[in-house]
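A quick write-up on the structure given underneath.
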Amino acid sequence: MSQPDNGISSVLAETRSFPPSPDFVARARLDADKLAGLHAAAATDYIGFWGDLAKKELAWQTPFRTVLDDSDAPNYRWFTDGKTNASVNCLDRHLGSRGDKIAIRFEADKGGARTFTYKQLHAAVCKLANGLKSLGVVKSDRVIVYLPHTPEAVIALLACARIGAIHSVVFGGFSASSLKDRIEDTAAKWIITADGNSRGGNVIDLKKTVDESLASGGKTVEKVVVLKHGDNAVQMSAGRDIWWHELVATQADRCEPEWVEAEHPLFLLYTSGSTGKPKGIQHSTGGYLLGAHLTCQWIFDLKEDDVFWCTADVGWITGHSYVTYGPLSNGATVMMFEGVPTYPDAGRFWKICQDHGVTIFYTAPTAIRALMKLGDDWPKKYDLSKLRMLGSVGEPINPEAWMWYHRVIGNEKLPIVDTWWQTETGAAMISPIPGAMPTKPGSCTKPLPGIFCEIVNEAGVPEKGKEAGGYLVITKPWPHMLRTIWGDNERYKKAYFGQFPQQADGGYFYVAGDGAHRDKDGYYWIMGRVDDVLNVSGHRLGTMEVESALVSHPRVAEAAVVGRPHDVKGEAICAFVILKGTRPEGAEAEKLIKELRDHVAKEIGAIAKPDDIRLADGLPKTRSGKIMRRLLRSIAKGEAITQDTSTLENPAILEQLAQTN
Ligand code: 7RM
């Protein structure tokens with residue numbers, strides 16, 4: 001197995017271990033005994049375990065009798081004959097006991113706060129749901145949500161869920177062309193967007209991007225709902241565009257929920273794979289909700305008076321599960337912040353924690369590393385005494401960043417949950433239970449109850465014994481797993497279940513695409529992707545996507561993209577580009593490189609801008625024409641080539657590539 005170059009192999013030497021404080025344990029929802037009870041229940045009767053939890057934790061309109069239907073594996077179905085509605089679980093069921101409790105606390109990029117109580121959120125969701133119905137949206141229709149990270153994004157998601165429409169959020173940083181691809185793949189007729197927003201003080205013109213995207217394709221779109229949020233002047237296209245506030249002005253604040261089958265798709269969310277265009281990951285209503293709901297209790301110890309802040313944008317799966325569905329189905333108070341950690345200064349996150357009384361804080365290693373670099377003085381300026389636990393997600397966290405988080409933000413006493421999961425898994429899968437086990441810096445510890453993981457070798461055979469290294473697989477289906485890839489079930493089967501043979505019991509191994517190590521205590525250490533997927537600041541990007549974007553530029557003949565370790569972003573994007581015609585040098589080369597970087601931003605979004613672009617005359621290829629990426633990875637890192645290059649067709653190219661540095 002080729003190990004990714006994420007620079008964290010040092011974790012294997014990590015021996016520190018941190019037990020939770022007795023204080024935390026005494027109040028925790030789950031202590032070691034209770035956790036052992038859950039694991040035992042899942043081990044003896046795995047179906048019964050999930051069935052009991054689904055019955056107890058979710059509000060059903062029609063109870064289910066079937067827990068798991070695996071007759072069409074690996075297309076698994078859960079709670080099939082039950083009916084529910086996600087918005088009812090997140091709103092209506094709290095109205096009696098928590099109607100006046102704050103559901104969302106929001107702070108805008110430039111300051112200024114707003115709140116929504118559960119009653120207010122319910123009314124806003126119903127109004128928008130009625131508005132969408134008036135535009136013709138019915139059950140199973142796809143609605144694209146292209147909004148800033150504001151309460152209205154959550155309202156839009158829940159309004160879709162209320163009427164059985166399938167939302168597909170496109171992160172506000174994606175380009176017109178990426179947006180168009182997603183509109184076309186979902187064949188959506190509706191888009192919900194905003195006039196614009198501010199992030200880190202920069203104005204983002206969402207509506208203009210929608211207009212651009214619809215000018216170039218996306219012909220299915222009939223209506224665009226526009227939230228007035230920024231101060232941008234927008235061009236409203238008559239008959240197509242409608243202001244959100246005008247749409248909801250005359251709508252009733254009650255809307256009968258559409259009761260849907262548990263398997264009814266709740267949403268599609270696009271994510272990158274190693275081949276082809278981003279995949280529309282399809283999640284269910286019942287199973288997905290159960291995962292988001294339960295993991296909030298298990299891994300965040302979520303309780304009635306918590307203020308839960310997950311810093312992820314609603315455009316990513318983390319924003320779906322831990323800003324929207326998980327905390328709201330538990331009746332929690334959710335913090336939402338539209339901006340970035342360093343605007344107007346590097347104390348912004350900590351000021352928000354102080355001002356809003358945040359008790360649980362969940363962010364990404366890239367943010368922790370960036371803030372760590374800016375020094376201890378920023379967090380020390382603020383009162384962080386309400387914080388009671390911390391979390392990390394999105395990429396491997398290096399022990400140094402973990403220790404800083406523990407020492408400076410956690411005051412050496414707060415539990416840190418390093419949660420491993422994916423867009424496809426719907427909710428956290430491998431994570432500490434904060435009151436039930438010691439944590440180790442850089443390890444996501446152990447699979448959650450009801451989740452069965454193995455580490456397998458190249459042939460898909462599980463490694464016996466505790467200590468092992470290899471591919472991470474999940475050996476049994478779980479309620480919140482993806483159901484399919486929208487419009488391409490064959491790709492679903494092949495990409496996730498096709499790598500290893502069907503098991504003797506008829507089951508399949510879900511292949512996560514990550515390499516992992518398990519230590520003598522059974523703790524998992526994620527080593528990063530083993531496929532051609534990059535993780536840049538916690539964002540997934542396929543090397544092929546970036547290559548296609550480069551090749552779509554008229555000057556580019558061929559491109560190869562690899563990752564190289566980066567101390568803040570985790571991975572940086574390094575592109576080797578072969579031009580058509582002569583290769584410029586000096587200032588002319590600089591100019592072209594800038595143009596190519598901007599071109600990628602335009603094609604995909606700013607997150608995909610290559611950090612380095614190296615112009616060269618050729619790529620290292622085998623005689624059969626395969627690009628030898630591992631050589632490019634060494635060159636990108638500035639390492640000497642020690643690998644065997646005897647199969648190379650053009651060994652001389654290596655020297656030139658090394659000099660393009
Ligand atoms: C939630 C999310 C998934 C990929 C996954 C890993 C990496 C995520 C961790 C992690 C090490 C973690 N969804 N990853 N969490 N690696 N430790 N705690 O990030 O679909 O966008 O990305 O992210 O490689 O496969 S995602």
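For ligands, and for the atoms within them, numbers begin at 1 and follow the listed sequence.
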Checklist entry - In terms of atom number and element, which parts of ligand 1 are under 4.0 angstrom from non-hydrogen atoms of Thr419? => result 9 (C), 12 (C), 15 (N), 18 (N)
Checklist entry - Going by the order shown, which atoms of ligand 1 are within less than 4.0 Å of some heavy atom of Thr318? => result 1 (C)
Next on the checklist: Between Met429 and Trp420, is the side chain to side chain contact (heavy atoms under 4.5 Å, CB included) condition met? List the steps.
Outcome noted: CA-CA 6 Å; Met429 301 289 281; Trp420 177 86; 3.8 Å; yes
Checklist entry - Using heavy atoms and a threshold below 4.0 Å, how should the contact between Cys444 and ligand 1 be classified: side chain, backbone, both, or neither? => result neither
Checklist entry - Counting heavy atoms only, which part of Val533 comes closer than 4.0 Å to ligand 1: side chain, backbone, both or neither? => result neither
Next on the checklist: Ring of Tyr76, cation from Arg483 - is the NZ or CZ under 6.0 Å from the centre and inside 45° of the axis?
Outcome noted: no
Item to check | Protein heavy atom at shortest distance from atom 7 (C) of ligand 1 | outcome: Gly394 O, 3.4 Å
Checklist entry - How far is atom 22 (O) of ligand 1 from its nearest protein heavy atom, and which residue and atom name does that atom have? => result Arg540 CD, 3.2 Å
Checklist outcome for this item: The answer for which part of Glu395 has a heavy atom under 4.0 Å from ligand 1 is backbone
Next on the checklist: Quick check: Tyr524 with His517 (ring centres under 6.0 Å apart)?
Outcome noted: no
Checklist outcome for this item: At under 4.0 Å between heavy atoms, what of Thr423 touches ligand 1? The answer is both
Checklist entry - Does the pair Asp521/Lys446 count as a salt bridge with the N-to-O cut at 4.0 Å? => result no
Item to check | Atom indices of ligand 1 within 4.0 angstrom of Val393 heavy atoms, with elements | outcome: 1 (C)
Checklist entry - Does a salt bridge link Glu424 with Arg540, judged by any charged N lying under 4.0 Å from a carboxylate O? => result yes
Next on the checklist: Is it the case that over 12 heavy atoms from other parts of the model lie below 6.0 angstrom from the CD atom of Glu400?
Outcome noted: no
Next on the checklist: Run Phe500 and Phe509 through ring pair (Phe, Tyr, Trp, His ring centres under 6.0 Å) and show every step you take.
Outcome noted: CA-CA 7 Å; Phe500 301 124; Phe509 285 177; 7.0 Å; no
Checklist entry - To the nearest 0.1 Å, how far is atom 11 (C) of ligand 1 from its closest protein heavy atom, and which atom is that? => result Pro396 N, 3.2 Å
Checklist entry - Is a salt bridge present between Lys277 and Asp181, judged by a nitrogen-to-oxygen distance below 4.0 Å? => result yes
Checklist entry - Hey, what's the ring geometry for His167 with Phe267, parallel, tilted or perpendicular (30° and 60° as the breaks)? => result parallel
Checklist outcome for this item: Among Trp420, Trp421, Tyr322, the residue with a heavy atom nearest to atom 3 (C) of ligand 1 is Trp421
Checklist entry - For atom 25 (O) of ligand 1, which candidate among Asn535, Leu269, Asp514 holds the nearest heavy atom? => result Asp514
Item to check | Distance filter under 4.0 Å to Asp418 heavy atoms, resulting ligand 1 atoms | outcome: 12 (C), 17 (N), 18 (N)
